[in-house]
Amino acid sequence: MAGLFVTFEGIDRSGKTTQARMLVEALGDEAVAVREPGGTEVGERLRDLLKDPAVTISAEAEALMFAAARAELVAQVIRPALDAGKVVVSDRFLDSSLAYQGIARALGVEDVEQINSFATRGLLPDLTFLLSIDPARAAERAGQLDRFEDEGDSLQKAVFDAYRDLAAADSGRWVTVDADRPSGEVHDEVMRAVQRAREAAGTRA
Ligand code: TYD
């Protein structure tokens with residue numbers, strides 16, 4: 001039985017991490033939680049480098065490092081879990097690279113898609129949540145700054161616009177959720193969409 005691959009996307013402080021955790025808790029043993037970049041030994045080391053404000057990285061190298069971390073995660077964790085019939089819940093996946101590196105960093109969506117399709121061997125999520133919140137509202141939420149957030153509002157605004165365009169281009173896979181609400185309300189909407197996706201997957205199987 002093939003599993004279900006669910007990803008959460010959004011700008012920094014949109015609440016993805018909280019929502020991914022709430023979904024995993026609700027699903028219990030059926031769920032496998034992963035986060036990007038990270039989740040493997042290579043991925044966690046790349047994560048430290050990628051987030052370090054003291055490290056300067058070219059946009060091209062940055063895209064390749066995210067793709068390398070993703071390749072490890074797909075091969076070691078995501079594919080085996082899906083093959084075992086699990087629901088894999090990922091806090092970010094390839095759409096983060098399309099939005100941050102492809103669009104906001106202007107590397108081009110096509111090039112970034114190409115290196116990622118190599119990295120993931122073509123694996124795409126079944127369902128992707130866009131946690132939509134105005135960048136100015138998200139910035140009011142507490143949290144530590146990393147290399148990306150250090151860059152300030154213009155990057156977050158560019159990423160926000162990028163996600164909106166990506167979601168509009170593939171409405172079959174994306175579900176846009178208003179994230180400027182209490183987390184319990186957002187979670188209820190997430191659960192309904194996951195339920196629908198599982199029913200649809202069940203009918204396909
Ligand atoms: P994230 O784990 O969401 O940060 P935090 O744990 O602080 O919430 O992601 C770290 C940063 O990496 C975030 O600003 C988005 C960025 N990122 C990319 O630019 N491209 C990618 O492919 C991924 C996965 C993340």
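Order of listing sets the numbers, starting from 1, for every ligand and every atom in it. Given the structure is predicted, the values throughout are model-derived calculations rather than measurements. Values below: all heavy atoms of this structure, side chains included; hydrogens, waters and symmetry mates excluded. Start at 1 with the first residue, then count along the sequence.
Residue, atom and distance of the protein heavy atom nearest to atom 23 (C) of ligand 1 are F66 CE2, 3.3 Å. For atom 11 (C) of ligand 1, the closest non-hydrogen atom on the protein side is F148 CD1, 3.5 Å.
Salt bridge annotation for R192-D188: absent, with no cationic side-chain nitrogen under 4.0 angstrom from a carboxylate oxygen. By the 4.0 Å N-to-carboxylate-O rule, R198 lies too far from D126 to be salt-bridged with it. A salt bridge does not link D48 to R45: none of the charged nitrogens lies less than 4.0 Å from a carboxylate oxygen. Comment: R47 does not engage E36 in a salt bridge, judged by the lack of any side-chain N to carboxylate O separation of less than 4.0 angstrom. Under a 4.0 Å N-O distance rule, the pair R35/E44 qualifies as a salt bridge. The residues R105 and E60 are annotated as not salt-bridged, no charged nitrogen and carboxylate oxygen being separated by less than 4.0 angstrom.
The heavy atom nearest to atom 2 (O) of ligand 1, out of those in E9, E151, R47, M65, is found in R47.
In this structure, Y100 has its ring center no closer than 6.0 Å to that of F66.
For ligand 1, the atoms sitting less than 4.0 Å from at least one non-hydrogen atom of D12 are 13 (C), 14 (O), numbered in the order shown with element in parentheses. Per-residue contacts place S96 under 4.0 angstrom from the following atoms of ligand 1 (heavy atoms of the residue considered): 20 (N), 21 (C), 22 (O), 23 (C), 24 (C).
At under 3.5 Å, a nitrogen or oxygen of K51, whether backbone or side chain, sits near a nitrogen or oxygen of ligand 1. The shortest N or O to N or O distance between S97 and ligand 1 is under 3.5 Å.
For K16, the closest heavy-atom approach to ligand 1 falls below 4.0 Å. Not a single heavy atom of R147 sits closer than 4.0 Å to an atom of ligand 1.
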